[in-house]
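Worksheet: the structure to be examined is printed underneath.
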Amino acid sequence: MSDDFDFASQIAFGSDSFADNPDPRVPCLLILDTSGSMRGAPIQALNEALQVFRDEILNDSLATKRVEIGIITFGPVQIVTEFTSPDTFITPVLVAQGDTPMGGAIQAGLKMLNDRKEEYKNNGISYYRPWVFMITDGSPTDDWMTAAELIKEGEQEKALAFFPVAVDGASMSILRKMSVREPLKLQGMKFREFFLWLTASMSGVARTEPGMTVPLESPKGWAEL
């Protein structure tokens with residue numbers, strides 16, 4: 001994928017700062033499907049990949065200062081990790097169960113993201129355009145149209161960038177209706193490869209100057225192209 005999306009557009013606020021770390025933030029929200037269909041090898045692979053994700057980011061001191069990770073799961077909808085820096089990120093052990101309330105998870109996730117942006121604003125912290133990655137192997141079992149509208153509004157306002165990642169079984173047609181970008185299909189269960197790619201991408205953005213346009217690396221190696 002060659003996406004010249006303006007990942008590094010920075011939105012600056014006042015002169016106040018967080019006391020310990022005034023660096024701009026790179027918020028990354030993960031919306032993860034933990035419905036019953038993920039049971040077994042998929043959820044195990046996803047859990048292992050999250051550990052790799054944390055370890056790899058911690059190897060990058062600048063990314064550790066700037067990247068913030070938030071996780072919300074669906075099956076049922078649950079905030080697993082409020083936005084936090086990698087050094088305080090505790091890798092969750094996700095359990096697969098229940099239906100696929102994708103729409104509710106997206107709405108809850110975007111609210112969590114907006115709340116975090118308000119905290120940045122109130123503390124004078126600038127931030128890059130947030131990333132939202134959703135991984136799913138299913139179809140929504142609840143209302144997803146409202147979530148799709150929120151995603152499109154956020155994209156139009158450059159308030160977020162939404163990327164759906166489809167695992168075998170996911171409804172590509174619905175994901176296409178949700179996103180302004182073509183969904184990416186994961187090769188098998190290459191969750192680890194996906195998170196390595198995500199880590200490298202975030203590390204790259206963390207090194208940019210405000211306002212720069214950062215082309216994403218190709219997802220070759222984890223996505224079906």
Side-chain angles (χ1 to χ4, degrees), residues 1-5 7 28-50 53 70-78 94 96-110 113 129-156 158-202 215-225:
M1 178 174 61
S2 176
D3 189 343
D4 288 340
F5 169 72
F7 262 149
C28 179
L29 174 64
L30 301 175
I31 303 176
L32 305 178
D33 188 344
T34 55
S35 62
S37 57
M38 288 286 288
R39 188 175 294 117
I43 200 71
Q44 180 178 349
L46 179 57
N47 280 324
E48 292 172 355
L50 285 171
F53 179 48
I71 298 178
I72 190 164
T73 58
F74 52 103
V77 177
Q78 182 179 8
L94 305 178
Q97 59 181 331
D99 294 329
T100 313
M102 188 183 300
I106 292 171
Q107 291 189 61
L110 296 185
L113 180 59
R129 188 171 176 180
W131 305 7
V132 181
F133 283 88
M134 184 177 74
I135 299 176
T136 181
D137 73 339
S139 302
T141 53
D142 64 350
D143 169 34
W144 56 271
M145 297 295 290
T146 301
E149 288 301 317
L150 292 174
I151 291 168
K152 290 175 182 175
E153 289 174 7
E155 293 274 10
Q156 289 173 353
K158 297 188 180 301
L160 59 86
F162 180 82
F163 295 87
V165 177
V167 183
D168 278 344
S171 172
M172 296 295 283
S173 61
I174 291 180
L175 293 180
R176 288 191 179 98
K177 293 175 182 176
M178 281 186 171
S179 176
V180 301
R181 298 180 182 79
E182 179 69 11
L184 291 170
K185 179 74 180 297
L186 194 73
Q187 294 178 22
M189 288 187 283
K190 290 189 174 181
F191 293 103
R192 181 178 185 277
E193 287 79 1
F194 163 73
F195 278 106
L196 289 173
W197 172 88
L198 181 58
T199 302
S201 298
M202 289 194 297
L216 284 176
E217 296 294 329
S218 168
K220 181 179 179 181
W222 64 267
E224 295 181 4
L225 303 177

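Keep in mind it's a predicted model, so treat the numbers as computed, not measured. All values below come from the heavy atoms of this structure, side chains included, with hydrogens, waters and symmetry mates left out.
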remark   = d(K190 NZ, E224 CD) to nearest 0.5 Å is 9.5 Å
Exercise: identify the closest heavy-atom pair between A170 and L175 = CB-CD1, 4.3 Å
task = With the side chain counted from C-beta on, respond yes when L30 and L198 share a heavy-atom pair under 4.5 Å apart, and no when they do not.
result = yes
ask   = Is the W222 ring parallel, tilted or perpendicular to the F194 ring (thresholds 30°, 60°)?
value = perpendicular
request  = Determine yes or no for a side-chain-to-main-chain donor-acceptor pair under 3.5 angstrom, with D33 supplying the side chain and S35 the backbone.
outcome  = yes
query = Hey, does I151 have a side-chain heavy atom less than 4.5 Å from the side chain of V132?
reply = no
key: Shortest non-hydrogen contact from P42 toward F191   = O-CE1, 3.6 Å
ask   = Taking all atoms of both residues into account, what is the closest heavy-atom pair of A96 and I43, and its distance?
value = N-CG1, 4.1 Å
ask   = Got a donor-acceptor contact below 3.5 angstrom from the W144 side chain to the M102 backbone?
value = no
task = Salt-bridge test for R129 and E155: reply yes if a basic N is under 4.0 Å from a carboxylate O, no otherwise.
result = yes
inquiry  = Quick check against the 3.5 Å criterion: does Q187 have a side-chain atom that pairs as donor or acceptor with the backbone of A223?
reply    = yes
message = To the closest 0.5 Å, what do you measure between CG (L225) and NZ (K220)?
response = 8.5 Å
query = Which heavy atom of A105 sits nearest a heavy atom of I31, and at what distance?
reply = CB-CG2, 4.0 Å
query = Would you say the side-chain atoms of E217 pair up with the backbone N or O of W197, donor to acceptor, closer than 3.5 Å?
reply = no
query = Could you state the interatomic distance from CD (E149) to CE (M145), rounded to the nearest 0.5 Å?
reply = 6.5 Å
request  = Could you tell me the separation between the CZ atom of F133 and the CZ atom of F162, rounded to the nearest 0.5 Å?
outcome  = 10.0 Å
query = Hey, does P164 have a side-chain heavy atom less than 4.5 Å from the side chain of M178?
reply = no
remark   = The reported gap from CD in Q78 to CG in L94 (rounded to nearest 0.5 angstrom) is 9.0 Å
query = Any idea how F195 and F53 line up, ring-wise: parallel (<30°), tilted (30 to 60°), or perpendicular (>60°)?
reply = tilted
ask   = Is the side chain of T141 donor-acceptor paired with the backbone N or O of T100 at a distance under 3.5 Å, no angle test?
value = yes
query = So, the side chain of R192 versus the backbone of A45: is there a donor-acceptor pair under 3.5 Å, distance only?
reply = no
remark   = In short, A108 meets I72 closest at the heavy-atom pair CB-CD1, 3.4 Å
query = Side chain of D137, backbone of G169: donor and acceptor closer than 3.5 Å?
reply = no
inquiry  = Would you compute the distance between atom CD1 of I135 and atom CE of M38 and round it to the nearest 0.5 angstrom?
reply    = 7.5 Å
key: Heavy-atom closest pair, residues L29 and G109   = CD2-O, 3.4 Å
